There are 2 protein chains.
Amino acid sequence: MARPRQILLTREKIVEAASALVDAEGLDALSTRRLATELGVQGPSLYNYFATKADIIDAVADAVIEQVDVSAFGRFPWAEALRRWAQSYRAVLSEHPNVVPVLAQGPGRRPASLAMAEAVYGALVDGGWSYAQATHIGALMRYLVTGSSLGSFALGFDVDPSLYEVYPHLRHAPRLAEHHEAVDEGAFELGLDLLITGLTARHEMGTR
Amino acid sequence: MARPRQILLTREKIVEAASALVDAEGLDALSTRRLATELGVQGPSLYNYFATKADIIDAVADAVIEQVDVSAFGRFPWAEALRRWAQSYRAVLSEHPNVVPVLAQGPGRRPASLAMAEAVYGALVDGGWSYAQATHIGALMRYLVTGSSLGSFALGFDVDPSLYEVYPHLRHAPRLAEHHEAVDEGAFELGLDLLITGLTARHEMGTR
DNA sequence: ACCTGAACACCGTTCAAGT
DNA sequence: ACCTGAACACCGTTCAAGT
């Protein structure tokens, strides 16, 4: 039984199954053997479609970025466009927190990530920022979006209450987990507001 | 040969060797067998000192956080203390970029991380911020510090120049790698400045 | 108490088949 | 061209030894 009577896989099917697995159980749950089983196939079959497991993960990550709405960049001034893009970016990443560690590493050579970076830099440069400043602003936005989408600031505190007896100000930390989405979204909105307000002020002052 | 004529390991020796390995070759290079070899010992021996590999990594991460200078919190008003702490935090993380993904997940139950969080929240609350606001500000600082210390914003672009022919605004992206520390530090300083300036303004307006 | 070899249940990847 | 079983060189972890 070592033959294909018919094609069983496509790149799309593999990416779809891998995305579902990562979303449901995390990056660590994604193994080539496990993924293959999920697809009714043997492990090595995947290598007919992807050179390495890292390439599969890259495809999963790029599929997430494809969902980000960059259309604001044509339709609004740079500050408003930046705000709308960042909000869409965060909304998408929040639905796929397990993929965020991959995206936090940078665009790599993923097409959707590069196209998004191109749109952001283009809009900032068109808006009057220098390339150096646009680079800083783009980086800053990525810190904010990826940081708040890891979704783990609140969850990152262990839930064992006895842990916090020594730390008076952290007494309520384990209860953060109950509304962790609100905490991370609140921090994101605060940061976005401070950054855009501050950048707008500098832009108007000509301090660029 | 299955006996200890004398003790070969301590927790400290293990953490030291693990830190060196992670700093030099990255988290993926840290395997229990490899680490044991480095220590002149067999893999299972490590389990006399740590319950799991994850616990070893936690100890490595906490040793990094121990180096962060939190002394500013007693000596300066909240805004200046926050700035000094964030700069020390980033300086320490920049020397250990491979550990940052662990720290980005949150404090967990690591003592130094919890003590640092306690110091930050205490200072903010003493400075007049509500617990809810202090939580947002603390989260925001972590996004900024961990994001910029991944050190990979600039490095995250693939170096193959032919990749960028389609993206006019990214033409110079591969050359970012040459001065990636400066890019990430610049983005961090810009973000820190915008956040602290904005927070100070809100604090003075009583908008807390 | 601490270190060992052997073992278990996994990995990512290669490759010579087979159709 | 695509799928397979077998194999290679790894993993983290457990456990019954041995001292």
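Just so you know, these numbers come straight off a predicted model, no measurement behind them. Just the heavy atoms: all of them, side chains too, but no hydrogens, waters or symmetry mates, feed the values below.
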TODO: Give the rounded distance in Å between these two atoms: CG of A/L9 and P of D/dC2.
DONE: 10 Å

Open item on the list: With the threshold set at under 4.0 Å for non-hydrogen atoms, list the residues of residues 18-43 of chain A touching DNA chain D in residue-number order.
Closed with: A/R33, A/V41, A/Q42

Open item on the list: Can you classify the ring geometry of B/Y131 versus A/H169 as parallel (below 30°), tilted (30 to 60°) or perpendicular (above 60°)?
Closed with: tilted

Open item on the list: Once side-chain hydrogen bond (donor to acceptor under 3.5 Å, both in side chains) is applied, do any residues pair with B/N48, and if so which ones, sequence neighbours excluded?
Closed with: none

TODO: Could you give the distance separating C/dC15 and D/dC3 at their C1' atoms, to the nearest angstrom?
DONE: 13 Å

Open item on the list: Among residues 45-62 of chain A, which ones have heavy-atom contacts with DNA chain D below 4.0 Å?
Closed with: A/S45, A/N48, A/Y49

Expected list for residues 79-86 of chain B: side-chain donor-acceptor pairs under 3.5 angstrom, two or more places apart:
unit_1	atom_1	unit_2	atom_2	d
B/E80	OE2	B/R84	NE	2.8
B/R83	NH2	B/D193	OD1	2.8

N/O donor to acceptor pairs below 3.5 angstrom from side-chain atoms of residues 61-71 of chain B, sequence neighbours left out:
unit_1	atom_1	unit_2	atom_2	d
B/D62	OD1	B/A112	N	3.2
B/D62	OD1	B/S113	N	3.1
B/D62	OD1	B/S113	OG	3.4
B/D62	OD2	B/A112	N	2.8
B/Q67	NE2	B/A63	O	3.4
B/D69	OD1	B/S71	N	2.9
B/D69	OD1	B/S71	OG	2.7
B/S71	OG	B/R75	NH1	2.9

Task: Integer-rounded Å distance: D/dT4 C1' and A/I7 CD1 - done: 15 Å

Task: side-chain hydrogen bond (donor to acceptor under 3.5 Å, both in side chains) involving A/Q87 - partner list, sequence neighbours excluded - done: A/E189

TODO: Identify, with sequence neighbours excluded, every residue that meets side chain to side chain contact (heavy atoms under 4.5 Å, CB included) alongside B/A187.
DONE: A/H136, A/A139, A/Y143

Task: Stems formed with participation of DNA chain C [Watson-Crick or G-U wobble, under 3.5 Å, three or more pairs] - done: C:4-8 with D:12-16, C:12-16 with D:4-8

TODO: Write out all pairs satisfying salt bridge (Lys or Arg N to Asp or Glu O under 4.0 Å) with one or both partners inside residues 15-25 of chain A, taking only residues at least two apart or from two chains.
DONE: A/E25-A/R34

Task: Test side-chain hydrogen bond (donor to acceptor under 3.5 Å, both in side chains) applied to A/S162 - qualifying residues, sequence neighbours left out - done: A/D160

Task: Under the side-chain hydrogen bond (donor to acceptor under 3.5 Å, both in side chains) test, residues paired with B/Q42 that sit two or more places apart - done: none

Task: B/L8 CG to C/dC3 P, straight-line distance once rounded to whole Å - done: 5 Å

Task: Qualifying residues under side chain to side chain contact (heavy atoms under 4.5 Å, CB included), relative to A/L163, sequence neighbours excluded - done: A/D158, B/R109, B/L114

